[in-house]
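Reviewing the structure listed below.
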Amino acid sequence: MYKLIATITKDIRILTRDKVGLTLMFVMPIILAIVIASIQNSTFKLVNENKIALLLCNKDTGDISKQFSIALEKAGIFQIKKVEAAETDEQIKNRMHAKDAFVAIIIPNSFSEKIAANAKGIADKALHNLGVQQDSQKIVAVKADPVTLYYHPVLQESFRRSIDGAIQGALQLIQSKQVLRSVYSSLNEKELPDSLENQIATNTAPINEIPVSRDGSRNIPNATQHNIPAWTIFAMFFIVISLGSSIVREKTSGSFIRLKTLPTSYLVALASKQLTYLTVTILQAVVIFAIGIWLFPVMGLPKLNIPSDILSLFLVTLICGWCAVSFAICIGVFAQTQEQSNGFGAVSIVLLAAIGGVLVPSFVMPASFRTIMQLSPLHWCLELYYGLFLEGGKLSDIWMNIIPLLAIIILIHVLIVVGLKKKNLI
Amino acid sequence: MKNNAVTIQNLGYSYPKQSNPSLSDINLEIAAGERFGLFGPNGAGKTTLMNCLTGLLAYNQGKIFLSGNEVSRNNKSVRELFGFVPQDFSFYPELTPEENMDFFGAWYGLHKHEIKKRTTELLEVLGLADVHNKQVWQFSGGMKRRVNLAIAVMHEPQLLFLDEPTVGVDVQSRIAIINYLKELNAKGTTLVYTSHQLNEAEDLCEVIAMIDDGKIVAHDNLKNLLAHHKEEGLEGLFLNLTGKAFRD
């Protein structure tokens, strides 16, 4: 036991004197978590709170185009900048190149007239079908001229879809109103009262958004709740840079020659590294979680809500840390040089993070990747953390995801033993 | 064999993917308490033989016994018998000499109080007491060599293997190291030493062996060998036995 204690003491001394290694282990993931959470939070705000600049060129003088303009404003996601009707398409495009706005809408000059005619045609058809209007010869079908939508190519598809949806919604609203007015005036031979029109137009069923959580919590997950667990796992696995090169450095240094001639197995050294660096991964998690709880609100970011089942959180952190440390040791055992360890270690973590759903949500991955995803230990770590942080689960809800992670850890240890035997180290 | 510190029987070793053996048919006995020197040109097989003796290389042929225990079979008990001063610095430069000795002492299987006692003694004897709290990377080459030696003798081994223990050090450090090695030998430790410092070797070694092309070409008391080959010093004897051509 004293051998192990002395080895842990040695490892802690070396670790605490490696300022660059400590920075990589603690400061880098903190910066990463803050930056990514801030960016994602801003993205959510852009979609949900901030407004997208929109150039509106109305070449029509009728009422319906004005109503369309009002409907666009009421959609809530646009900051409308009206431009002169005389401006050409080229001038509007130039404005967009100058980043005046990312979206532009051009309403054609006969818009109101055509929409009204189109609505009247639909209303007449409806009345004819109901038997109110007898003469089908009088029904004239008029096709509305299209509204032109320009968008800047930097807008990503998800943004374009949101914008399309909002514009379609506004168009649908005014067209429906127009049909309603035509039907009403044909039946009653007078204008539809504004109060009734508004009542009909705004009478939509409310949507009650409720996240599916296991503990009954109704907190809607935010960028912090998604990012902190993901980047904590990433930080844990990034320990490969420090631990992997520490093993390679020891292997290639003279000290290893002496270790091999001493009456103690090298497994003691590996056990010490496991315990020392496992403690480091737990500390990383504690520091990053603490930042999510206390520093993020000060920075204007959403606060991290810690799961109610603290014991499960500790257990999951312990298993994730153990997996990360084992992976780093495996890389260190097989790598011949520090360059190999650092290069392969870093690239493999980024790849495993990508296929594991840390960088891109797993549900958007193609089906072929979903099988490969299960080979990534980061995927199982993320599933465990999401089970606790997002779904409010307990140990009984997540234990099925612990089993594959433990299987991966065992496999890594088998590889470590094979590597050590092959290199005549045990 | 029981009075021998080292017995080597028909030892052969070939590195993987090498057609010529690095060691072939080595037979050697080193008596307990002897100051034995192993010499030869670069690539002759000195370090390979030293690595086989210390268990760093698993030899393919023959047997090696240290104080009657076969190296390949009783690894743990054999490792407790000897100390090794490799040519490379074999410690953690980020640690102080004291911290290095705390760690390596534990790996030798010493108790905490023994480690403390031996550390104090050795740092004093090897002139490192004043810098016991300084990280070793800050030391001069001579100081690092003394740390290398101190760690190897912490457990007071019966047998000490030294692979060029004074390479690259100043005269003062060399004298301190050689004098300490003589002191150890006087207390009963067998020394097995290799070096290219032939003047130093002549001063330290009583019995020598010359190795060339993986074979022992001479093995006897130094005085007998010099008389037999009509040479006045070890350098002349070395050239007489191994020739003047470059060997590496």
Side-chain angles (χ1 to χ4, degrees), chain A residues 1-25 242-243 245-273 275-277 332 336-338 420-426, chain B residues 16 47 50-51 53-58 66 71 74-96 98-115 135-137 144-145 147-149 151-152 154-155 157 159-161 163:
Chain A
M1 191 63 182
Y2 182 61
K3 287 179 181 180
L4 183 61
I5 293 169
T7 312
I8 291 172
T9 309
K10 180 263 295 178
D11 281 334
I12 291 172
R13 281 172 172 154
I14 292 175
L15 182 68
T16 50
R17 286 167 198 178
D18 178 10
K19 304 289 181 257
V20 177
L22 284 176
T23 307
L24 273 172
M25 278 185 280
S242 174
L243 177 53
S245 37
S246 155
I247 292 171
V248 175
R249 203 164 52 234
E250 196 165 70
K251 271 193 332 188
T252 52
S253 74
S255 56
F256 195 67
I257 294 171
R258 196 188 294 282
L259 292 182
K260 284 170 78 177
T261 64
L262 300 187
T264 300
S265 168
Y266 188 64
L267 289 174
V268 174
L270 290 188
S272 161
K273 290 203 191 296
L275 292 170
T276 306
Y277 283 86
Q336 309 278 354
T337 61
Q338 285 192 61
L420 290 174
K421 279 196 180 290
K422 202 175 163 191
K423 291 172 189 260
N424 200 22
L425 301 180
I426 54 169
Chain B
T47 300
M50 202 64 111
N51 287 345
L53 288 167
T54 52
L56 286 170
L57 285 178
L66 301 185
V71 169
N74 307 306
N75 263 335
K76 190 169 180 279
S77 56
V78 166
R79 287 173 185 185
E80 284 168 353
L81 297 174
F82 69 86
F84 181 37
V85 183
Q87 191 179 339
D88 294 326
F89 294 127
S90 304
F91 45 69
Y92 295 93
E94 306 92 330
L95 303 181
T96 67
E98 209 167 66
E99 290 166 348
N100 267 297
M101 291 170 89
D102 275 352
F103 167 68
F104 285 110
W107 271 53
Y108 280 124
L110 300 179
H111 293 291
K112 204 174 175 179
H113 64 274
E114 286 175 289
I115 295 170
Q135 284 172 263
V136 179
W137 65 265
K144 285 177 183 168
R145 288 277 160 212
V147 174
N148 221 20
L149 176 60
I151 294 168
M154 281 193 74
H155 59 310
L159 177 60
L160 184 61
F161 294 107
D163 190 1

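A, B, ... follow the sequence lines: proteins, then strands. Residue 1 opens every chain. Keep in mind that this is a model prediction, so the values were computed, not measured.
Nearest approach of B:Ile115 to A:Tyr2, heavy atoms of both residues: CD1-CE2, 3.7 Å. Summarising the geometry of B:Glu94 relative to A:Arg17, their closest heavy-atom pair is O-NH1, 2.9 Å, with the distance given to 0.1 Å.
Among residues two or more places apart in sequence or in another chain, the ring pair (Phe, Tyr, Trp, His ring centres under 6.0 Å) test is passed with B:Tyr92 by B:Phe103, B:Phe104. Residues passing the ring pair (Phe, Tyr, Trp, His ring centres under 6.0 Å) test with B:Phe84: none are found, sequence neighbours excluded.
Using a 4.5 Å cut-off between heavy atoms, B:Asn51 makes no contact with chain A at all. For chain B, the nearby parts of A:Thr7 are the backbone and the side chain; heavy atoms of each come within less than 4.5 Å. Looking at B:Gln87, neither its backbone nor its side chain comes within 4.5 Å of chain A, counting heavy atoms on both sides. Heavy-atom distances place the backbone of B:Phe91, and not its side chain, under 4.5 Å from chain A. Residue B:Phe161: no heavy atom, backbone or side chain, is found under 4.5 Å from chain A.
Residues of residues 245-252 of chain A lying under 4.5 angstrom from chain B, judged on non-hydrogen atoms, are A:Arg249, A:Glu250 by number. Residues of residues 255-271 of chain A having a heavy atom under 4.5 Å from any heavy atom of chain B, listed by number: A:Ser255, A:Ile257, A:Arg258, A:Leu259, A:Lys260, A:Thr261, A:Leu262, A:Pro263, A:Thr264, A:Ser265, A:Tyr266, A:Val268, A:Ala269.
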* To do: Take A:Arg13 and B:Asp102, measure what side-chain contact (heavy atoms from CB on, under 4.5 Å) needs, and give me the verdict at the end.
  => CA-CA 12 Å; A:Arg13 281 172 172 154; B:Asp102 275 352; 4.0 Å; yes
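When each of B:Asn100, B:Leu95, B:Thr54 is scored by its heavy-atom pairs under 4.5 Å with chain A, the top score falls to B:Leu95.
Taking 4.5 Å as the limit, every side-chain heavy atom of A:Lys10 sits out of range of all side-chain heavy atoms of B:Glu99.
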